[in-house]
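This one's a predicted model, so the numbers in the text were calculated from it and none came from an experiment. Numbering starts at 1 and runs along the sequence shown.
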Amino acid sequence: MKKLVILSFLIVTIFNAKAQNTDCKVLPDSLKGSYEGGCKNGKADGKGKATGVDIYDGEFKNGLPDGTGKYNWHNGSFYDGGWRKGMKDGKGELHTFENNIPSVKTGFWKKDKYTGLYETPYRIVSSTSDIGRVEVDNAEKNSNTITVTVKTLYDKTSASNYVPIIVMTDFQISKGSYETKTNTRTIQSDITRFRDVVFPFMASFNFGTSVLQIEIFEKGDWNVEVPITR
């Protein structure tokens with residue numbers, strides 16, 4: 001009798017789950033058709049598979065692909081990786097076909113846009129305490145230069161309220177290479193430009209007793225601004 005009650009409970013549970021999935025909404029129009037999987041508040045939620053014009057098999061949240069999953073377009077292209085609010089987001093692989101020639105793009109996406117091979121295109125490895133917040137930006141991703149600008153900041157503790165200009169005194173490259181280097185100076189800045197850089201590039205820059213170690217993974221026209229107070 002007890003086994004019969006348990007069996008009846010399982011049958012009812014499975015029936016209710018199927019009935020729930022029947023009414024479970026998948027929001028993207030391209031995936032509307034049939035859905036099998038988790039459901040919450042009438043929307044696809046958790047692991048599931050939606051089949052419409054396209055097919056998505058993976059994690060959902062609030063009716064949208066969210067988490068990890070594989071999206072197959074009707075033209076044969078597919079993306080397998082991270083999703084957030086129905087958009088490619090995180091690490092993944094995009095497989096496309098143009099003129100029957102396959103192409104694969106691997107890396108990271110943010111709000112459906114490809115951001116690059118690495119999640120973070122650079123990292124500050126270390127810096128001495130007198131170096132302020134280092135500003136790094138990439139002006140042109142298809143270039144191959146690095147410009148390091150060290151700025152002398154005014155020292156409010158000094159009687160003259162001014163410190164002499166700080167310049168790059170040395171550098172050591174531990175990864176990558178460059179072809180040429182130029183140096184220019186202004187009243188408050190020392191600017192060193194490395195051209196024809198081979199990436200990834202990692203180096204320690206010395207500004208007297210101040211040291212900054214940085215690693216840059218992707219090619220580009222990189223600007224590294226280093227503020228120093230002594």
Side-chain angles (χ1 to χ4, degrees), residues 68 81-84 87-94 104-230:
T68 58
W83 294 85
R84 180 173 170 79
M87 294 181 284
K88 295 185 291 293
D89 201 293
K91 187 177 182 180
E93 282 190 1
L94 177 64
V104 181
K105 182 178 287 187
T106 302
F108 290 82
W109 277 258
K110 189 71 175 178
K111 294 183 178 180
D112 248 3
K113 293 183 179 180
Y114 181 70
T115 58
L117 189 59
Y118 301 92
E119 184 173 16
T120 304
Y122 72 91
R123 69 184 180 112
I124 305 298
V125 180
S126 63
S127 63
T128 50
S129 59
D130 55 350
I131 294 178
R133 181 177 178 178
V134 179
E135 299 289 343
V136 183
D137 70 84
N138 187 359
E140 173 55 58
K141 289 189 176 182
N142 292 321
S143 187
N144 54 359
T145 62
I146 298 175
T147 302
V148 180
T149 302
V150 54
K151 285 193 170 184
T152 304
L153 300 183
Y154 291 93
D155 186 354
K156 295 180 180 179
T157 63
S158 126
S160 62
N161 202 39
Y162 182 76
V163 290
I165 189 169
I166 301 171
V167 301
M168 185 184 293
T169 54
D170 194 13
F171 60 92
Q172 300 84 37
I173 298 174
S174 53
K175 188 182 296 183
S177 62
Y178 72 95
E179 288 293 328
T180 61
K181 176 177 72 71
T182 59
N183 180 264
T184 57
R185 292 181 184 174
T186 64
I187 295 175
Q188 198 178 340
S189 300
D190 178 70
I191 305 167
T192 305
R193 181 170 285 111
F194 299 87
R195 290 186 172 88
D196 298 320
V197 177
V198 175
F199 296 91
F201 183 89
M202 183 175 180
S204 293
F205 299 109
N206 299 76
F207 313 99
T209 58
S210 305
V211 182
L212 169 70
Q213 186 178 23
I214 186 171
E215 183 174 13
I216 301 176
F217 301 105
E218 297 180 350
K219 66 184 299 185
D221 181 12
W222 291 93
N223 296 295
V224 182
E225 189 173 294
V226 186
I228 300 179
T229 301
R230 292 223 179 110

Distance check, rounded to the nearest 0.5 Å: [X] atom [atom1] versus [Y] atom [atom2]?
| X | Y | atom1 | atom2 | answer |
| --- | --- | --- | --- | --- |
| Ser127 | Arg133 | OG | CZ | 12.5 Å |
| Glu179 | Thr145 | CD | OG1 | 13.5 Å |
| Ile165 | Ser189 | CD1 | OG | 6.5 Å |
| Asp130 | Ser210 | CG | OG | 3.0 Å |
| Asp190 | Thr149 | CG | OG1 | 8.5 Å |
| Asp196 | Ser177 | CG | OG | 9.5 Å |

Given the rule in the salt bridge (Lys or Arg N to Asp or Glu O under 4.0 Å) test, do Glu119 and Lys91 qualify, once you have shown the distances and angles that lead to the verdict? CA-CA 8 Å; Glu119 184 173 16; Lys91 187 177 182 180; over 6 Å; no
Would a 4.5 Å heavy-atom cut-off, applied to side chains only, mark [X] and [Y] as touching?
| X | Y | answer |
| --- | --- | --- |
| Met168 | Asn206 | no |
| Gln213 | Met202 | yes |
| Phe207 | Val167 | no |
| Asp89 | Lys110 | yes |

If you compare all heavy atoms of [X] against all heavy atoms of [Y], which two are closest, and at what distance to 0.1 Å?
| X | Y | result |
| --- | --- | --- |
| Asn223 | Ala139 | ND2-CB, 4.1 Å |
| Trp222 | Pro121 | CH2-CB, 3.7 Å |
| Ile124 | Val134 | CD1-CG1, 4.1 Å |
| Ile191 | Thr147 | CG2-CG2, 3.6 Å |
| Ile214 | Phe205 | CG2-CE1, 3.7 Å |
| Thr209 | Thr128 | O-CG2, 4.1 Å |

Verify whether one side chain among [X] and [Y] offers a donor that lies under 3.5 Å from an acceptor in the other.
| X | Y | result |
| --- | --- | --- |
| Asn138 | Asp221 | no |
| Thr182 | Arg193 | no |
| Thr192 | Asn183 | yes |

As a test of understanding, state which of Glu218, Lys219, Lys175 forms a side chain to side chain contact (heavy atoms under 4.5 Å, CB included) with Phe199.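 The residue from Glu218, Lys219, Lys175 that satisfies side chain to side chain contact (heavy atoms under 4.5 Å, CB included) with Phe199 turns out to be Lys219.
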Under the side chain to side chain donor-acceptor pair (under 3.5 Å) test, residues paired with Thr184 that sit two or more places apart: none
Thr229 and Thr152: CA distance, side-chain angles, deciding distance, side chain to side chain contact (heavy atoms under 4.5 Å, CB included) verdict: CA-CA 6 Å; Thr229 301; Thr152 304; over 6 Å; no
Once the angle between the rings of Phe171 and Phe194 is folded into 0 to 90°, is it parallel (under 30°), tilted (30 to 60°) or perpendicular (over 60°)?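 Judged by the thresholds at 30° and 60°, the geometry between Phe171 and Phe194 is perpendicular.
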Looking at Tyr114, is Lys105 sitting on its ring face, NZ or CZ under 6.0 Å from the six-membered ring centre and within 45 degrees of the normal?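 Yes, a cation-pi geometry holds between Lys105 and Tyr114.
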Apply side chain to side chain contact (heavy atoms under 4.5 Å, CB included) to residues Ile146 and Phe201 and explain how you reach the verdict. CA-CA 9 Å; Ile146 298 175; Phe201 183 89; 3.5 Å; yes
Is any NZ, NE, NH1 or NH2 atom of the basic residue among Arg123 and Glu215 found under 4.0 Å from an Asp or Glu carboxylate oxygen of the other?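 Between Glu215 and Arg123 there is a salt bridge, with a charged N closer than 4.0 Å to a carboxylate O.
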